[in-house]
Amino acid sequence: MTIPDEGLPPERIIASLLRIPNSHRVFSLPIEALEKTHGITIEIARELIDAGIPFHAAADGPLLDENDVASASLYLRLPSARRSMMTFWLRALHRLRTAHAPSAHRVEVTAACPDPGHDGPCAYGVALDDGPRSVCRADRPESVRLGTLRTPPGGRPRELPTVVRDLLRDFHHVDYYRLPRETTRDSGFLRRTGMADCTLMARALVDEGLRHGLNARFAAGLIIAVPFSTAHTWAEFEVDGAWLPADPLLPRALSAWGVPKAGDWPVTLAPNGLFHRLAGAPRDMVTHAGRACGVSLRTREEPS
């Protein structure tokens with residue numbers, strides 16, 4: 001399988017990726033491991049390398065950076081598990097806008113050992129709110145349930161007020177790219193490149209809102225969707241005593257990535273009920289031996 005024609009040309013994607021500091025990259029993914037999660041076959045990976053995507057020439061073959069791979073997959077519009085998750089978000093948003101009443105949800109937080117074979121039991125740190133991490137130990141490396149969240153009905157999506165919509169227009173040129181953690185704290189990177197991920201965009205929106213005299217705050221939490229929710233970050237603005245989520249970057253990215261029905265999510269919509277705030281600062285929901293660990297967030301509706 002070669003690179004399809006539906007998405008952005010590889011050269012345009014790679015030109016953007018090359019604006020990310022190379023010193024922040026972690027070259028850990030062999031090209032044989034890209035198809036399952038990102039839909040990038042070995043043939044497509046080789047085409048991307050020929051087109052100039054950064055890589056490390058290891059003894060066993062080239063290694064790529066996971067953030068670069070994820071961004072390339074999305075803009076090439078390749079079928080992947082990540083892309084399937086996005087259809088769940090849009091389905092959940094449609095349900096919120098059309099259902100008789102919003103639903104409560106139950107989210108099961110599970111993880112598997114990222115380093116099987118180490119000595120001793122697994123030690124997971126779990127943070128489901130702003131409080132200190134709880135520690136969960138497991139004797140086996142397979143998937144283990146670490147906690148459960150129950151989210152109440154969260155209201156309905158609504159149009160953002162004019163004062164917030166005017167602020168969002170200043171960021172209409174920004175494109176979503178997966179970024180290394182060091183770059184998500186660099187507001188100058190967004191201004192220089194017109195690139196951001198959800199964390200950098202949320203920080204920029206909060207800073208700009210505060211500069212304009214608005215009451216704004218950072219939010220970290222979940223996009224609530226059946227059958228799987230997703231960790232996310234966004235900005236919130238207080239309007240008439242209520243905090244409204246704002247995220248112009250994600251719906252615009254969904255359209256750029258060709259996700260079906262992305263047009264049902266306008267950038268001026270406050271996705272109440274879809275976003276569930278857990279904390280006021282970015283943090284990894286689960287760690288393993290002190291390092292970030294991937295999680296699964298299986299979700300189902302519950303009676304209110």
Side-chain angles (χ1 to χ4, degrees), residues 20 24-26 28 65-67 70-71 82 85 89 105-115 122-138 143-152 154 176-187 189-190 195-210 215-225 228-238 243-247 249-250 253 271-272 274-299:
I20 300 169
H24 297 331
R25 288 188 164 87
V26 178
S28 61
D65 174 79
E66 185 169 11
N67 289 323
S71 295
R82 187 182 303 275
M85 295 281 285
W89 309 342
H105 290 85
R106 176 188 176 97
V107 182
E108 295 184 352
V109 181
T110 62
C113 178
D115 184 27
C122 292
Y124 295 100
V126 183
L128 303 184
D129 53 31
D130 272 325
R133 291 186 183 276
S134 60
V135 178
C136 298
R137 300 188 183 277
S143 180
V144 58
R145 189 167 71 182
L146 301 173
T148 301
L149 282 169
R150 291 179 174 83
T151 65
Y176 180 101
Y177 277 83
R178 286 275 299 272
L179 298 176
R181 184 164 300 190
E182 297 86 347
T183 308
T184 66
R185 295 188 286 266
D186 181 4
S187 59
F189 178 83
L190 186 153
M195 298 163 58
D197 66 358
C198 54
T199 299
L200 181 56
M201 173 59 88
R203 285 176 165 145
L205 286 173
V206 170
D207 289 346
E208 192 69 7
L210 294 173
N215 199 8
R217 69 182 185 184
F218 187 95
L222 302 177
I223 302 176
I224 300 294
F228 290 100
S229 295
T230 307
H232 189 45
T233 53
W234 61 92
E236 293 186 343
F237 297 91
E238 189 177 26
W243 287 98
L244 299 180
D247 186 352
L249 184 63
L250 186 56
N272 294 331
L274 184 66
F275 289 4
H276 178 73
R277 186 177 188 268
L278 295 174
R283 64 189 310 194
D284 299 308
M285 183 174 291
V286 176
T287 60
H288 179 276
R291 298 199 306 265
C293 178
V295 296
S296 174
L297 301 168
R298 182 172 289 278
T299 303

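Two residues are said to be in side-chain contact when any heavy atoms from C-beta on lie closer than 4.5 Å; Trp243 and Asn215 meet this criterion. Side-chain atoms of Thr233 and Met201, non-hydrogen and from C-beta on, never get closer than 4.5 Å to each other. Between Leu297 and Phe228, every side-chain heavy-atom pair lies at or beyond the 4.5 Å cut-off. Residues Arg25 and Ile20 are in side-chain contact: their nearest non-hydrogen atoms beyond the backbone lie under 4.5 Å apart.
Side-chain N or O atoms of Ser229 include one that pairs as donor or acceptor with a backbone N or O of Ala225 at under 3.5 Å. Here the side chain of Asn272 pairs no donor or acceptor atom with the backbone of Leu244 at under 3.5 angstrom.
Residues satisfying the ring pair (Phe, Tyr, Trp, His ring centres under 6.0 Å) test with His288, not counting sequence neighbours, are His118, Tyr124. Looking at residues two or more places apart in sequence or on another chain, you find a side chain to side chain donor-acceptor pair (under 3.5 Å) between His232 and Asp247. Taking Ser71 as the reference, nothing meets the side chain to side chain donor-acceptor pair (under 3.5 Å) condition, with sequence neighbours excluded. In this view, Arg203 satisfies the salt bridge (charged side-chain N to carboxylate O under 4.0 Å, His left out) rule with no residue, not counting sequence neighbours. Taking Asp129 as the reference, nothing meets the side chain to side chain donor-acceptor pair (under 3.5 Å) condition, with sequence neighbours excluded. Partners of Arg181 according to the salt bridge (charged side-chain N to carboxylate O under 4.0 Å, His left out) rule, which considers only residues two or more places apart in sequence or in another chain, are Asp284.
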